Amino acid sequence: MNDKLYDFRSDTVTRPTPAMRAAMAAAEVGDDVLGDDPTVLRLQQVIAERMGKEAALFVPSGTMSNLIAVRTHCRPGDELICEDGCHIYNYEQSGYAQICGIAARAVKGEFGVLRREQLADLIRPGNAHYVRTRLLTLENTHNRGGGKIQPYAVVEEICRWARESGLKTHLDGARLYNAAVATGIQPPEWTRHFDSVSVCFSKGLGAPAGSALCGAKDLIAEAVRHRKVLGGAMRQSGVLAAAALYALEHNIERLAEDHANARRLADGIRNIEHLRLVSAEIDTNMIFFRVDPAWGTAAEFVEKIKSQGVWMLSTAPATIRAVTHLDVTKEDVDRAIAIIASIMRAR
Ligand SMILES: *Cc1c(COP(=O)(O)O)cnc(C)c1O
C-alpha cells in the first residue's frame, strides 16, 4: 500500500500551491457586485485581452459561463446546435432548457469533431411550426472526445457556415489553453471565429475556482445581468481572481508537461494486458481506455487501483478516464503504470 494517492480523476483536483495562496492572500479586494474589486477588474481586463475580445466577466464556474453565454445569445423558443458528446449537452443538466427555455440539437461527431457537411440542413425554416435556430457551440479541447483538439480548419469552416447562416457562435474553451499550447495556435486565433468564449481557470491552470466569459462589450454587459439572477455575482472575489491571475502568469506553458505525461501514461496503458486505449492519439492531457469485460467492469478496475493508490474515473461500464495535471509528475505517472500493471498481472 502506498501513502500517496496518485489522483488522475480530473485536472480540477489540483490544489493551490503556496505561491498561489500567497497571491490570494495579498489580493487587493473590493465589492465586485458594486463594481470596485480591483483584482477582479484586472483579471477581466487581462483575460479579455488574452482572448482577443473587448470584455470579460468572472464567474464561479464553467457551467455558469456556458449557461450565461447561451442565455445572452438566445431567447426562449430558440435552438442551439452542438456536438452530441459536448459538456453543455451532457454535463450541465440541460440548463439551457431548464433555465433558458432553449432546445438543443445534438450532432454526433468523431471524438467531438463535427464536419461542416453534417450541419448543412440543420437551419430550421422560418415559419411558426419551428423553433428558431440561433446558436452553434463548439468545445475545444473536447472533454468526452478524449481531450481532442478541434482541427483549426474545421473550426474556421464551421464558424464561417454558422455566420453565413445567421447563427451566433459560442466556444466552450474550458481547456482552450491546452489546445493553444499543444498547437502553438494562440487563443485569439481560435476565438476570433466566435462571438463568445468561456475559459476555465480551475482545470489545467490550477486555480481553485472560476471561469471567464469573454466577448463584445454589449454582450458582457448583458451577461452581468444574467450572472446576477443566477446567483453568480460575488463580493470580495478578488481573492479568487488573484489565483486566476497567478495561473495565467505561471501555469500556461507548463501544460506541455501535462501533455507529455498523458502520452507517457497512454504508452504505459497500451502495453498492459486487458486494457485498450479508446484512441491511440493523445492530443492533450486526457486519456480514455477500456478494460476487457472478461477481466471485470470499469468500476471494479477503478476500485481496485484506488486500493493501491491510483485514482481514476470510470465514465461508462467499460471505460476509464485519466487526466494529467499540475499535481502529478512524470515519476507519479511511472509509479501509477507500475501499480496498474502489477494489478492486471495478478488476476
Ligand atoms: C469542466 C468543464 C466545464 C465547466 O465545468 P465547471 O465544473 O462548471 O467549472 C465546461 N466545459 C467543459 C468542456 C469542461 O470540461
Side-chain angles (χ1 to χ4, degrees), residues 1-2 4-15 62 85-87 90-91 111-112 139-149 174-175 177-179 181-182 200 202-206 251 254-293 295-347:
M1 189 60 204
N2 304 277
K4 193 173 169 193
L5 202 49
Y6 304 106
D7 193 346
F8 294 92
R9 288 174 300 163
S10 174
D11 48 9
T12 57
V13 303
T14 54
R15 294 165 200 205
C86 77
H87 201 278
N90 291 279
Y91 301 124
F111 294 109
E139 183 174 311
N140 197 19
T141 63
H142 198 288
N143 184 337
R144 257 194 14 185
K148 179 88 184 151
I149 300 168
R175 296 186 180 80
Y177 272 115
N178 292 84
V181 167
C200 289
S202 56
K203 304 283 168 81
L205 297 189
N251 293 345
R254 64 149 309 283
L255 290 170
E257 287 171 42
D258 296 344
H259 302 166
N261 284 339
R263 287 192 296 272
R264 194 175 181 90
L265 182 59
D267 284 339
I269 296 292
R270 212 190 300 272
N271 292 317
I272 297 175
E273 213 187 336
H274 308 299
L275 301 180
R276 190 165 49 82
L277 294 175
V278 170
S279 167
E281 286 167 42
I282 307 301
D283 282 4
T284 54
N285 68 331
M286 290 190 183
I287 77 170
F288 282 76
F289 58 95
R290 295 211 173 93
V291 60
D292 181 357
W295 183 91
T297 63
E300 286 166 345
F301 173 86
V302 164
E303 185 71 27
K304 186 80 188 158
I305 63 171
K306 192 182 170 203
S307 72
Q308 302 285 317
V310 182
W311 220 354
M312 294 180 177
L313 273 188
S314 78
T315 59
T319 310
I320 295 110
R321 184 182 88 163
V323 186
T324 54
H325 52 77
L326 194 52
D327 289 359
V328 287
T329 63
K330 184 170 137 189
E331 290 70 30
D332 293 344
V333 168
D334 290 344
R335 191 70 203 118
I337 293 167
I339 290 169
I340 294 170
S342 102
I343 288 170
M344 302 313 277
R345 261 198 312 273
R347 190 171 283 192

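Here the structure is a predicted model, which is why all the values come from computation and not from measurement. Below, each value reflects all heavy atoms present in this structure, side chains not excepted, and no hydrogens, waters or symmetry copies.
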Exercise: do H259 and N178 side chains pair donor with acceptor under 3.5 Å: yes
Identify the heavy atoms of R270 and D267 that sit nearest to each other, and give their distance. NH2-OD1, 2.9 Å
Tell me, do V333 and F8 make a side-chain contact under 4.5 Å, heavy atoms counted? yes
Work out which heavy atom in V323 is nearest to a heavy atom in R9; give both atom names and the distance. CG2-O, 3.8 Å
Do the side chain of N140 and the main chain of I149 share a donor and acceptor less than 3.5 angstrom apart? no
Less than 4.5 Å apart, any side-chain heavy atom of I337 and any of I272? yes
Do D283 and T141 make a side-chain contact, defined as non-hydrogen atoms from C-beta onward lying under 4.5 Å apart? no
Distance from I269 atom CD1 to H274 atom NE2, nearest 0.5 Å? 13.0 Å
So, do L255 and R175 sit near enough that their side-chain heavy atoms are less than 4.5 Å apart? no
Euclidean distance, M312 CE relative to L265 CG, rounded to 0.5 Å: 5.0 Å
Rounded to the nearest 0.5 Å, what separation is found between the CG atom of N285 and the CZ atom of R263? 11.0 Å
Considering non-hydrogen atoms only, spot the tightest contact between C86 and N90 and give its length. O-ND2, 2.8 Å
Looking only at heavy atoms, what is the nearest atom pair of D327 and D332, with distance? O-OD2, 3.8 Å
Could you go step by step and tell me if T297 and V291 meet the side chain to side chain contact (heavy atoms under 4.5 Å, CB included) rule? CA-CA 7 Å; T297 63; V291 60; 5.9 Å; no
From CE (M344) to CD (E273), nearest 0.5 Å: 8.5 Å
Would you call R264 and T324 a side-chain contact if the rule is heavy atoms closer than 4.5 Å? no
I'd like to know if K148 pairs up with E281 as an ion pair, taking the criterion as any Lys NZ or Arg NE/NH1/NH2 lying under 4.0 Å from an Asp or Glu carboxylate oxygen. yes
Less than 4.5 Å apart, any side-chain heavy atom of N251 and any of Y177? no
Strictly distance-based, threshold 3.5 Å: is any side-chain N or O of H325 a donor or acceptor partner for the main-chain N or O of D7? yes
How far apart are the closest heavy atoms of I287 and I282, and which atoms are they? CG2-CD1, 3.7 Å
Using 0.5 Å steps for rounding, measure from the OH atom of Y6 to the CD atom of E331. 10.0 Å
Between D292 and R276, is there a side-chain heavy-atom distance shorter than 4.5 Å? no
Side chain to side chain contact (heavy atoms under 4.5 Å, CB included) between I340 and F301, worked out: CA-CA 9 Å; I340 294 170; F301 173 86; 3.9 Å; yes
How close do G85 and R144 get, heavy atom to heavy atom, and via which atoms? O-CB, 3.5 Å
Straight-line distance of I320 CD1 to L313 CG, nearest 0.5 Å: 10.0 Å
If the threshold is 4.0 Å, N to carboxylate O, is there a salt bridge linking D334 and K330? no
As a quick check of understanding, evaluate side chain to side chain contact (heavy atoms under 4.5 Å, CB included) for S314 and E300, giving each step before the final call. CA-CA 9 Å; S314 78; E300 286 166 345; over 6 Å; no
